[in-house]
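Taking it in order: structure first as structure tokens, then the write-up.
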Amino acid sequence: MRIESREKNGVVILDLQGKLMGGPDAETFKNTFHQILEQGRKRVVVNLHGVDWINSTGMGILISGYTTMRRGGGDLRLLHVSDRIQSILYVTKLNLIFKCFDNEDEAVASFLDG
Amino acid sequence: MRIESREKNGVVILDLQGKLMGGPDAETFKNTFHQILEQGRKRVVVNLHGVDWINSTGMGILISGYTTMRRGGGDLRLLHVSDRIQSILYVTKLNLIFKCFDNEDEAVASFLDG
Amino acid sequence: MAGTVVLEFPSDYKFLNTVDLVCNEVIQNLCIKHEIANEIAISVIEAVTNAIEHGNHECCDQNVRVLFQCKDDRFCVEVEDCGKGFDYQCFLQNIPDPTNVGHLRGRGIFIMKNMMDSLDFEMVPGHGMKVKLEKKLKPKADGDVQKD
Amino acid sequence: MAGTVVLEFPSDYKFLNTVDLVCNEVIQNLCIKHEIANEIAISVIEAVTNAIEHGNHECCDQNVRVLFQCKDDRFCVEVEDCGKGFDYQCFLQNIPDPTNVGHLRGRGIFIMKNMMDSLDFEMVPGHGMKVKLEKKLKPKADGDVQKD
Ligand SMILES: Nc1ncnc2c1ncn2[C@@H]1O[C@H](COP(=O)(O)OP(=O)(O)O)[C@@H](O)[C@H]1O
Ligand SMILES: Nc1ncnc2c1ncn2[C@@H]1O[C@H](COP(=O)(O)OP(=O)(O)O)[C@@H](O)[C@H]1O
């Protein structure tokens, strides 16, 4: 899993590439989220466009990012969620937790709306 | 394996898609080549751009097309040969038989040159 | 065994992708709805993740074995590890709430149970734990777009 | 067997692609030159094509078994079918000229022999023919572009 970070209108966009499946990925992610908070930023969009698949351990990594941001007074939202990842969100009802977007500008704007 | 046929400056271009590995592919190809000859055409470019891989049985299919065209007074040339197919041509020295091109216009023009 | 596809590999997460590729190749031949194919692939990855992590403790000297087979109208997958198993009856009676974001883990069995038509566990004496997944195959409905 | 990847499947050409995917996944972890990876993948496909065609006569009730393993500095592949084998010693002494376009077939063994560092045949009593392929692994040279 590779993570690249960029910013748009004060929102951090994390572009992921590969498979999100736990193991070493969890540590990398944890560090990324703590860095983001330390820099005083708390609005994160995770772009899953480059993610082939994810397992429930990978979903745990996203949840960890979500709770970290929420506790910091921010939020984590998902962009470009494939059918396959969508199925996992639905069956676990985590779709009630994660706001999902198909369009980057809309994902970013959703933070500015409120 | 899918074959689609088109024409450019009197040269038949066959666009292949999939894997070239014998079995039912051989029959499809044989019919295609005989149709081409019956229509009085004999200059063929086989475009391997969409071919993931090939085995020696698939190479036999190309040889069969080559000899059919040569016997009809024409030729069969290859376009967009991947590294992997190139290796097979080299080890079998069939690169001495098949003219290979990386550019469609050059492949077509090669027939017009003589 | 005839008519089956079997993949065996060391207990390293890097092979999860190999499992996924093989699973998708096998499923592709079944002509089923994209949605059902997804549910099978997701569940297989969960079962294999557990076999690598909890069964074989990521020990590369121990293999995981995955068997794919069609039985009449059912697609069956077996995932075998070399571990001691666990008290699955107990776990199945108290599957944790997957919406509880206080828990980062503990959703694999919930996902398998809800995405497959049948989920069974079995201890193979002298070997390890075997997880058996089954999905009923309804043929692909007309107008369903095949993704590939 | 530990440390090995094994794929077993019915004798249908449609599984050649599955073999290729698994082979590439296994090779990818070896960090070898793209050219050598190609030579291995090509040879494996030839051996499996023969197992399906000549060994098991495309009979879907009979499986082909492919085993991938690293032994020290060698990458080893075994391809097993359920057939009666053939007189390989005789064939190896008279491998047909691959440039002869009068022959559409008969290049598989030539390709394996020339692309691999070692090619062996063995009859497994009560089972079938086993083809053993080996390639020496030189680490990837600096500046070599990894394709993936
Ligand atoms: N193959 C297995 N061998 C041993 N224990 C297992 C196996 N599969 C699951 N378990 C046990 O069941 C628990 C729940 O599994 P699961 O729902 O997949 O969530 P997670 O793997 O995230 O903990 C695991 O934590 C583990 O204790
Ligand atoms: N696994 C096998 N079982 C039985 N016979 C085989 C096997 N592999 C190869 N052969 C024999 O060796 C011959 C040469 O094989 P090969 O060089 O791959 O060319 P081809 O398969 O195109 O004939 C085959 O025609 C077949 O008679």
Side-chain angles (χ1 to χ4, degrees), chain B residues 1-2 16-30 33-34 44 46 48 50-72 74-78 81-100, chain D residues 11-24 27 33-54 57-58 60 79 95-116 119 135 144-148:
Chain B
M1 247 271 313
R2 277 182 322 211
L16 309 196
Q17 199 75 38
K19 294 98 201 164
L20 188 53
M21 59 179 186
D25 294 344
E27 203 54 32
T28 318
F29 241 91
K30 211 170 168 178
F33 285 121
H34 282 291
V44 176
V46 175
L48 295 169
V51 176
D52 301 337
W53 52 260
I54 183 176
N55 60 8
S56 66
T57 324
M59 192 54 82
I61 294 178
L62 293 179
I63 296 172
S64 148
Y66 170 83
T67 54
T68 307
M69 289 303 131
R70 294 290 281 195
R71 263 190 265 112
D75 202 4
L76 179 149
R77 299 178 183 172
L78 303 179
V81 178
S82 68
D83 284 3
R84 179 155 166 181
I85 301 177
Q86 199 72 261
S87 304
I88 301 181
L89 288 174
Y90 270 87
V91 79
T92 55
K93 297 201 184 69
L94 288 166
N95 61 324
L96 304 173
I97 307 287
F98 289 107
K99 291 205 178 83
C100 297
Chain D
S11 302
D12 188 315
Y13 293 119
K14 72 185 174 199
F15 290 112
L16 277 176
N17 199 50
T18 315
V19 172
D20 194 58
L21 291 171
V22 172
C23 181
N24 283 317
I27 290 175
K33 284 172 86 168
H34 177 52
E35 194 189 310
I36 294 184
N38 263 349
E39 290 174 335
I40 295 172
I42 291 168
S43 303
V44 169
I45 287 294
E46 291 303 326
V48 176
T49 301
N50 282 348
I52 293 174
E53 180 176 7
H54 306 301
H57 303 286
E58 298 178 48
C60 278
V79 177
I95 297 186
D97 174 12
T99 56
N100 181 348
V101 293
H103 296 143
L104 301 183
R105 303 293 307 275
R107 290 176 183 81
I109 290 173
F110 177 89
I111 289 172
M112 291 186 256
K113 185 105 191 111
N114 281 278
M115 288 196 164
M116 300 302 279
L119 168 67
K135 186 81 175 173
D144 190 49
V145 182
Q146 177 160 25
K147 201 187 146 182
D148 95 341

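The shown structure was predicted, so the numbers you read here are calculated from the model rather than taken from an experiment. Reminder, nothing fancy here: chain letters follow the sequence lines and each chain counts from 1.
Using a 4.5 Å cut-off between heavy atoms, B/Ile88 contacts chain D through both its backbone and its side chain. Within the 4.5 angstrom heavy-atom criterion, only side-chain atoms of D/Ile45, from C-beta onward, approach chain B. Only the side chain of D/Arg105 comes within less than 4.5 Å of a heavy atom of chain B; its backbone N, CA, C and O stay farther away. Contact annotation for B/Thr67: only side-chain heavy atoms (C-beta onward) come within less than 4.5 Å of a heavy atom of chain D. Interface residue D/Thr99: backbone and side-chain heavy atoms are both found under 4.5 Å from chain B. For D/Phe110, the part lying near chain B is the side chain, with the backbone staying farther off; criterion is any non-hydrogen pair under 4.5 Å. Both the backbone and the side chain of D/Asn17 come within less than 4.5 Å of a heavy atom in chain B. Heavy-atom distances place no part of D/Ala37 under 4.5 Å from chain B, backbone and side chain included. Residue B/Lys19 touches chain D through its side chain alone, counting heavy-atom pairs closer than 4.5 Å.
Looking at B/Gln86 and B/Leu89, their side chains come closer than 4.5 Å, going by heavy atoms from C-beta outward. At a threshold of 4.5 Å between non-hydrogen side-chain atoms, the residues D/Ile111 and B/Met59 do not count as touching. At a threshold of 4.5 Å between non-hydrogen side-chain atoms, the residues D/Val79 and D/Val19 do not count as touching. Counting heavy atoms from C-beta outward, B/Val44 and B/Phe33 have side chains that approach closer than 4.5 Å. Using a 4.5 Å heavy-atom cutoff, the side chains of D/Cys23 and D/Ile40 are in contact.
Checked against side chain to side chain contact (heavy atoms under 4.5 Å, CB included), B/Ala26 has the following partners two or more places apart in sequence or in another chain: B/Ile61. Contacts of D/Ser43 classified as side chain to side chain donor-acceptor pair (under 3.5 Å), with partners at least two apart in sequence or in another chain: none.
Annotation: maximal heavy-atom pairing with chain D below 4.5 Å, among B/Arg84, B/Arg70, B/Met21, occurs at B/Arg84. Considering only heavy-atom pairs separated by less than 4.5 Å from chain B, the leading option among D/Thr49, D/Val101, D/Asn114 is D/Val101.
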